[in-house]
Protein chains: 2
Amino acid sequence: MRVDAVRNRQQIVEAARELVARDGDAVRMDALAARAGVAVGTLYRHFPTKSDLIGAVVEESTRALAVRAEDALDQVRLGASAWSQLEGLFASIAQGYSAHRAVVTTAALLELGSAEDPEGSAARAVAAMGAMVAAAQRAGDMRTDVDLADLLMLLGQAPERDDDRRARYIALVSDGLRPRPPASS
Amino acid sequence: MRVDAVRNRQQIVEAARELVARDGDAVRMDALAARAGVAVGTLYRHFPTKSDLIGAVVEESTRALAVRAEDALDQVRLGASAWSQLEGLFASIAQGYSAHRAVVTTAALLELGSAEDPEGSAARAVAAMGAMVAAAQRAGDMRTDVDLADLLMLLGQAPERDDDRRARYIALVSDGLRPRPPASS
DNA sequence: CGACAAGATGAACCCTGCTTCATTATCGTC
DNA sequence: GACGATAATGAAGCAGGGTTCATCTTGTCG
């Protein structure tokens, strides 16, 4: 592969990372090309379709999330509190959200990542989160009437655009997952 | 106004109610016209633009929600539990969602409905909900570290498409709003 | 009934945004 | 440094979907 082609591909992925993070799948190909400093045609040389390009970004982000989640799980195995690790993970998700969101939502669709491609990043991320949820519940730090699917669904509904709003959302939801008092009403 | 024009207008609004409820603002004008049993041109005779048509549906729905909320508030004034009335209201919102959603979100944008058009339906709905939130918190049935803006934000994030999923979401969020034990972690 | 204004029709228009491809430029090799 | 393969370019193509408008239809009133 020619050296300029490699460089362009990197710039395209880089630009896509940024713009997809901001605009989601509403990015426009010409804007993307402009940001990457290439012509639209070059986009199509490297990625046959818009979906493929976004898919690549999502895949990359999914991989990062999987690593992050498995790392958190390792911490738990080393004795850290499962709940606090989950909270940290939530924060990570809140940050690089627009890409991660796809993970969470597609993961939910893929029957919790168990079905097709059980070795895929999404499946691994979901598996790690599942283990932590179970541990947190066992430790009494998380409501037991909420399961992994619920958690993924809630995360998948976080606001996309506004960062502050999303942080607040995550905080509220996270708090809502803590165990509740016996019951009163 | 001619009698057939009146009938057509009703059919259009009716069709819009149904289709907007299902597809949100992704409804297509031709689908809408087909459902209403008229040609597209007729749509434009009655509503100059797609936004106007959707706006009409939303306005209608907002009015209904305002009535519903004020009714719930009346019940509270008559001695009912504010929290249980709020729960009932949540259920209503979950049902006719896609239209109500606009209410909730636009309401949030309109600085909680206090700013422009304080007599509007959105403002009234928000005001009634605010009163109930305050009452529920006073009664110790709802977390006090969550305010009206938070509530509207959370409601505004409910899943649009899937009814079951949305019901589950509302249940989880609603539960998360109950007071929590002193604190542990 | 006849006339006419109000209304309805739907094919054509236009704009936006993804995709193609003929042309041009660049890299790597002999 | 010249040649062929690889890559980049960007104007044109195309499709989806909202909007227009010349034409036809129909309700209403004298």
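Lettering of chains follows the sequences in order, A, B, ..., and the numbering in each one begins at 1. This is a predicted model, so every value here is computed, not measured.
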Can you tell me how far [atom2] of [N] sits from [atom1] of [X], to the nearest Å?
{"X": "A/L53", "N": "C/dT19", "atom1": "CG", "atom2": "C1'", "answer": "14 Å"}
{"X": "B/F47", "N": "D/dT20", "atom1": "CZ", "atom2": "P", "answer": "16 Å"}
{"X": "B/Y44", "N": "C/dA11", "atom1": "OH", "atom2": "P", "answer": "16 Å"}
{"X": "A/M29", "N": "D/dA11", "atom1": "CE", "atom2": "P", "answer": "17 Å"}
{"X": "B/K50", "N": "C/dC14", "atom1": "NZ", "atom2": "P", "answer": "21 Å"}
{"X": "B/D30", "N": "C/dA12", "atom1": "CG", "atom2": "P", "answer": "16 Å"}
{"X": "B/Q11", "N": "C/dA8", "atom1": "CD", "atom2": "P", "answer": "10 Å"}
{"X": "B/D52", "N": "D/dG18", "atom1": "CG", "atom2": "C1'", "answer": "13 Å"}

Joint cluster assignment, A/L32 & A/V13, ILVMFWY side-chain distance < 4.5 Å: yes

Selected nucleotide, minimal atom distance to [X] side chain, candidates [options]:
{"X": "B/T49", "options": "D/dA8, D/dT19, D/dG27", "value": "D/dT19"}
{"X": "B/V3", "options": "C/dC18, D/dT28, C/dC27", "value": "D/dT28"}
{"X": "A/V40", "options": "D/dG10, D/dT20, C/dG7", "value": "D/dG10"}
{"X": "A/A39", "options": "C/dC27, C/dT19, D/dT9", "value": "D/dT9"}
{"X": "A/R28", "options": "C/dC27, C/dG17, D/dG10", "value": "C/dG17"}

Does [X] have a side-chain nitrogen or oxygen under 4.0 Å from the phosphate oxygens OP1 or OP2 of [N]?
{"X": "B/T42", "N": "C/dG7", "value": "no"}
{"X": "A/H46", "N": "D/dA7", "value": "no"}
{"X": "B/N8", "N": "C/dG7", "value": "no"}
{"X": "A/R45", "N": "D/dA7", "value": "yes"}

Closest-nucleotide ordering on DNA chain D, the 5'-leading residue of B/V27 and B/R2: B/V27

Most 5' of A/A5 and B/M1 on DNA chain D, judged by nearest nucleotide: A/A5

Starting at [atom1] of [X], measure out to [atom2] of [Y] and round the result to the nearest 0.5 Å.
{"X": "A/E87", "Y": "A/M142", "atom1": "CD", "atom2": "CE", "result": "11.0 Å"}
{"X": "B/R166", "Y": "A/Q157", "atom1": "CZ", "atom2": "CD", "result": "10.5 Å"}
{"X": "A/R124", "Y": "A/R63", "atom1": "CZ", "atom2": "CZ", "result": "9.0 Å"}

Sugar-phosphate, base or nothing in reach of A/V38, heavy atoms under 4.0 Å: sugar-phosphate

Sugar-phosphate, base or nothing in reach of A/V6, heavy atoms under 4.0 Å: nothing

CG (B/D25) with more than 12 external heavy atoms under 6.0 Å: no

Whether B/F90 and B/W83 hold their rings parallel, tilted or perpendicular, with breakpoints at 30° and 60°: perpendicular

